[in-house]
Amino acid sequence: METKFCTNCGQELTVDAKFCPNCGAAQPPVTAADSSTTDTHREQQANTNEFEQANATTNTQQVFHDVPYNESTPPNLISSTGLYFRDAFNLHKRMGRADYWWASLGIALIAIVIGTVYVGVLTATLGTMDDLTGFDALLLIILAIYWLFITIAGFTAQFRRFHDIGYSGAFWLINFVPFVGSIAVLIMLCQPSRQFNNRYID
């Protein structure tokens, strides 16, 4: 059905309408030129609607755009390593990529320092003490406790890192896949934070 538009308010009308039901204005008869103008107006309106729909889609995508997440502000060697120790027994939170790798660097540096001190102490006391059995046992117990703690903290940190990218912590079990499991987990741990459709966001 052909249509036209009210000359007063722009309301869409049937082509044979003599009065606008919206504003009551009398409508002139439609000529061939008016029909062409009406078609042009209809095309412009359709284009406008398409443009508005495209903008709405773009705006929606921008609202849900993923942004980096890190609990430390800003992430650094000290604060991220502290977070690593503080959440050592926490499986329910998330851990951002920067926090995780800063903490990994901090743990590696601590391991180097502890190893150096351990070797230095043994070297310094080796020639001055006749019996090092008890002393060695004490050092080994301390190192064993620290190693157990770091192992647990590393496990939970990876668990929280998986949560940050939207995956279940059960993906940690991929580590047990021979040869490629650890490589696959490493690649996953390097992925950026995922906010959109992440069920682990508080």
Side-chain angles (χ1 to χ4, degrees), residues 54-125 135-202:
N55 280 343
T57 301
T58 302
N59 291 336
T60 301
Q61 292 175 348
Q62 291 175 349
V63 169
F64 294 108
H65 180 67
D66 287 332
V67 295
Y69 165 82
N70 288 287
E71 189 172 342
S72 301
T73 51
N76 56 60
L77 184 64
I78 303 299
S79 61
S80 298
T81 304
L83 179 67
Y84 188 95
F85 285 116
R86 188 166 61 251
D87 290 338
F89 301 100
N90 193 324
L91 292 174
H92 303 292
K93 294 173 63 177
R94 293 184 294 151
M95 191 171 193
R97 178 169 61 177
D99 271 334
Y100 179 82
W101 290 110
W102 272 117
S104 297
L105 176 60
I107 296 302
L109 293 176
I110 291 174
I112 293 174
V113 171
I114 291 178
T116 302
V117 171
Y118 179 75
V119 172
V121 169
L122 287 182
T123 302
T125 58
F135 185 69
D136 287 341
L138 178 62
L139 286 180
L140 288 175
I141 290 174
I142 294 174
L143 288 177
I145 294 174
Y146 176 76
W147 176 83
L148 178 61
F149 176 78
I150 288 300
T151 300
I152 295 173
F155 164 73
T156 58
Q158 290 191 7
F159 222 84
R160 298 192 303 276
R161 184 81 262 275
F162 280 123
H163 287 175
D164 186 49
I165 60 177
Y167 295 143
S168 168
F171 276 84
W172 182 87
L173 296 174
I174 297 176
N175 280 298
F176 292 110
V177 177
F179 306 113
V180 298
S182 298
I183 297 175
V185 169
L186 178 63
I187 294 174
M188 296 173 74
L189 295 176
C190 292
Q191 300 305 305
S193 299
R194 178 178 156 192
Q195 315 296 328
F196 185 53
N197 285 338
N198 188 339
R199 58 178 172 164
Y200 299 102
I201 294 179
D202 298 331

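The two residues Arg160 and Asn90 make their nearest non-hydrogen contact at NH1-O, 3.0 Å. Residues Pro192 and Ile165 approach most closely at O-CG2, 3.3 Å, considering heavy atoms. Between Trp101 and Cys190, the shortest heavy-atom distance links the atoms CZ2-SG, 3.8 Å. Taking both residues in full, the closest heavy atoms of Pro68 and Gln195 are given as C-NE2, 4.5 Å, listed atom of the first, atom of the second, then distance. Taking each heavy atom of Ala103 and Thr81 in turn, the nearest pair found is CA-OG1, 3.8 Å. Pairing each heavy atom of Asp164 with each of Arg94, the nearest pair is OD1-NH1, 3.3 Å.
Residue Phe85 places its CZ atom among more than 12 non-hydrogen atoms of other residues, nucleotides or ligands, all under 6.0 Å distant.
Taken from CD in Gln158 to OH in Tyr100, the straight-line distance is 4.0 Å, to the nearest 0.5 Å. With values rounded to the nearest 0.5 angstrom, Ile145 atom CD1 is found 11.5 Å from Leu140 atom CG. Here CD1 of Ile152 is found 5.0 Å from CZ of Phe89. Values are rounded to the nearest 0.5 Å. Taking CH2 of Trp102 as the reference point, atom OG of Ser72 lies at 11.5 Å (rounded to 0.5 Å). Note: Met188 CE to Phe162 CZ = 4.5 Å, rounded to the nearest 0.5 Å. The distance from the CZ atom of Phe171 to the NE2 atom of His163 is 11.0 Å, given to the nearest 0.5 Å.
Looking at heavy atoms from C-beta onward, Arg161 lies in side-chain contact with Ser193 at the 4.5 angstrom threshold. Taking 4.5 Å as the limit, some side-chain heavy atom of Leu139 sits within range of a side-chain heavy atom of Tyr118. Counting only heavy atoms from C-beta outward, the side chains of Leu109 and Leu77 approach each other to under 4.5 Å.
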I would like to know whether Phe159 and Trp172 meet ring-ring contact (aromatic ring centres under 6.0 Å, His included); could you show each step before the answer?
CA-CA 7 Å; Phe159 222 84; Trp172 182 87; 8.1 Å; no
List the steps, then state whether salt bridge (Lys or Arg N to Asp or Glu O under 4.0 Å) holds for Asp87 with Lys93.
CA-CA 9 Å; Asp87 290 338; Lys93 294 173 63 177; 2.9 Å; yes
List the steps and the verdict of side chain to side chain contact (heavy atoms under 4.5 Å, CB included) for Asn198 and Ile201.
CA-CA 6 Å; Asn198 188 339; Ile201 294 179; 3.8 Å; yes
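Judged by distance alone, the side chain of Asp99 and the main-chain N or O of Ser80 form no donor-acceptor pair under 3.5 Å.
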